[in-house]
Amino acid sequence: MSQRFFSTKNSGEFVGVKEAVLRSLPADNGLYMPERIEALSDDFWAHWREMSLPEIGVHVARGIFKDSIPSEELEKIVHESANFPAPLVSLGEREHVLELYHGPSLAFKDFGARFMARLMAWLTRDDVGRLTVLVATSGDTGGAVASAFHEVPGTRVVILYPKGKVSDLQEKQLTSLGGNISALEIDGSFDDCQRLVKSAFLKRDMSEELNLTSANSINISRLVPQSFYYFEAAKHLPEGARASFVVPSGNFGNLTAGLLAERLGLKVAHFIAATNRNDVVPEYLREGVYQPRPSVATISNAMDVGAPSNFARMEQLFGGRWESMKERISGFSYDDEMTRATIRRIRRERGYILEPHGAVAWLAAEDWREKHPEDHCIVLETAHPSKFLSVMEEELGKGEVEIPARLACLAELEKVATPMPADEACFHEWLQNLG
Ligand SMILES: *Cc1c(COP(=O)(O)O)cnc(C)c1O
């Protein structure tokens with residue numbers, strides 16, 4: 001049986017996997033969701049604790065995509081994409097950190113980007129003409145997407161990033177690969193980059209001619225591989241333990257992936273959404289009013305989101321009922337001062353280095369455990385501390401954070417980017433000349 005996907009705005013029309021993944025956004029501006037998600041088979045549950053991360057991944061991905069992707073292909077895509085570990089580090093009997101940053105770009109976004117790149121290449125294997133992937137980034141997404149699509153046949157990637165607003169090493173991740181990856185340094189904000197990307201999709205003729213697709217987290221294929229590691233983490237806990245997941249959140253793709261894992265049958269005690277001062281979702285969970293607003297800048301900048309794109313999927317999963325959502329998810333938010341103090345304190349008390357996003361989640365885990373001491377809390381640590389070196393050095397001093405070789409070596413590489421004003425006509429002309 002194949003899976004079908006519907007738009008969160010119109011649950012009456014369905015598309016297949018190719019359209020859902022390559023179109024990314026339905027025409028009605030909703031988001032694609034799988035029609036049917038059932039619990040995984042008894043056979044899976046009899047053996048899942050002994051399975052490796054990619055073995056679990058194959059079952060989870062098949063649970064979502066069903067027979068839309070042949071088994072052999074799906075296995076290959078999962079094994080090639082989830083090919084780095086996600087270790088669960090215990091800092092106390094019931095306090096655990098799930099390190100999701102051991103992939104090539106040192107952020108959890110590698111899981112989604114690597115899977116999406118391989119799936120898109122397979123879906124377009126017989127198409128004439130290259131696929132052109134557009135992505136706007138405020139930092140981590142661009143690096144993960146660049147590394148995932150680099151040298152993937154039949155694809156090219158155009159990354160738009162705001163000039164002067166990403167860290168030096170993040171910029172090198174986007175601009176040093178060359179080949180099928182191009183970087184545009186936009187004289188503007190992240191919002192300008194997103195606006196330019198959208199404008200290209202709205203020009204139908206150009207969008208079709210160039211075979212445009214999007215690699216932002218609105219794409220359903222980026223969420224599926226993020227469900228894998230919820231199982232991977234839970235398999236280490238004692239049988240019958242209450243596992244609560246604490247997710248540092250911006251666009252809420254990671255948390256939505258946890259909800260999909262639960263629909264596939266994973267036992268989860270509770271979900272905890274941790275945010276910085278951009279607390280639209282915690283406020284909704286507390287008060288029942290959803291009020292998107294412009295984001296404010298913080299040190300955990302990958303979560304500086306004022307209108308979380310995956311909120312529509314969360315609502316859909318709970319049938320639009322606030323009461324149901326707040327029974328399963330609690331929200332907490334913290335400011336930069338508290339985040340900085342936590343980085344120092346956990347280093348001192350536990351000998352463990354959290355980066356700003358993980359520190360926000362740790363704070364939420366502490367608050368949750370105060371009232372639920374019986375829960376095992378699994379804190380998702382979404383990036384390696386070296387990606388936020390200046391904040392880390394301010395709090396811990398120089399030389400405390402080890403810089404992995406694959407990041408350190410970027411410093412020597414040449415940056416190649418095309419400077420561009422935040423202007424739609426310029427951008428479209430540049431795209432058209434790609435040929
Ligand atoms: C993208 C990102 C997040 C936020 O993830 P969402 O899925 O958008 O909620 C958190 N931490 C880091 C380090 C990220 O790069």
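Counting starts at 1 for both ligands and their atoms, following the listed order. One-based numbering along the sequence shown.
Look at K163 and E185 and you find no salt bridge, because none of the NZ, NE, NH1 or NH2 atoms lies under 4.0 Å from a carboxylate O.
Against a heavy-atom cut-off of under 4.0 Å, G253 is close to the following atoms of ligand 1: 6 (P), 7 (O), 9 (O). Close contacts between ligand 1 and A383 involve ligand atoms 13 (C) [criterion: under 4.0 Å to a heavy atom].
In terms of N/O distances under 3.5 Å, ligand 1 is approached by F252.
For the pair K371 and W368, the cation-pi test (distance below 6.0 Å, angle within 45°) is failed. A cation-pi arrangement is present between R263 and F318, with the terminal nitrogen or guanidinium carbon under 6.0 Å from the aromatic centre and inside a 45° cone about the axis.
Ranking the protein heavy atoms by distance from atom 5 (O) of ligand 1 puts F108 CZ, 3.5 Å first. For atom 7 (O) of ligand 1, the closest non-hydrogen atom on the protein side is N254 N, 2.9 Å. For atom 4 (C) of ligand 1, the closest heavy atom belonging to the protein is G250 N, 3.7 Å. Here the heavy atom of the protein found nearest to atom 8 (O) of ligand 1 is N251 N, 2.8 Å. When only non-hydrogen protein atoms are considered, atom 12 (C) of ligand 1 lies nearest to T382 OG1, 3.3 Å.
With a heavy-atom cut-off of 4.0 Å, P248 touches ligand 1 through its backbone alone. Of the heavy atoms in D140, only side-chain atoms (C-beta onward) come closer than 4.0 Å to ligand 1. Counting heavy atoms under 4.0 Å from ligand 1, residue K109 touches it through the side chain alone.
Y101 and E381 share no donor-acceptor pair across their side chains, judged by distance under 3.5 Å alone. For the residue pair D28 / S7, a side-chain donor-acceptor distance below 3.5 Å is found, with atom types taken as modelled. If you check the side chains of H96 and H376, you find a donor sitting under 3.5 Å from an acceptor. A side-chain N or O of N276 and one of D304 form a donor-acceptor pair less than 3.5 Å apart.
Using a distance-only test at 3.5 Å, with no hydrogens or angles considered, a donor-acceptor pair links the side chain of T132 to the main chain of L210.
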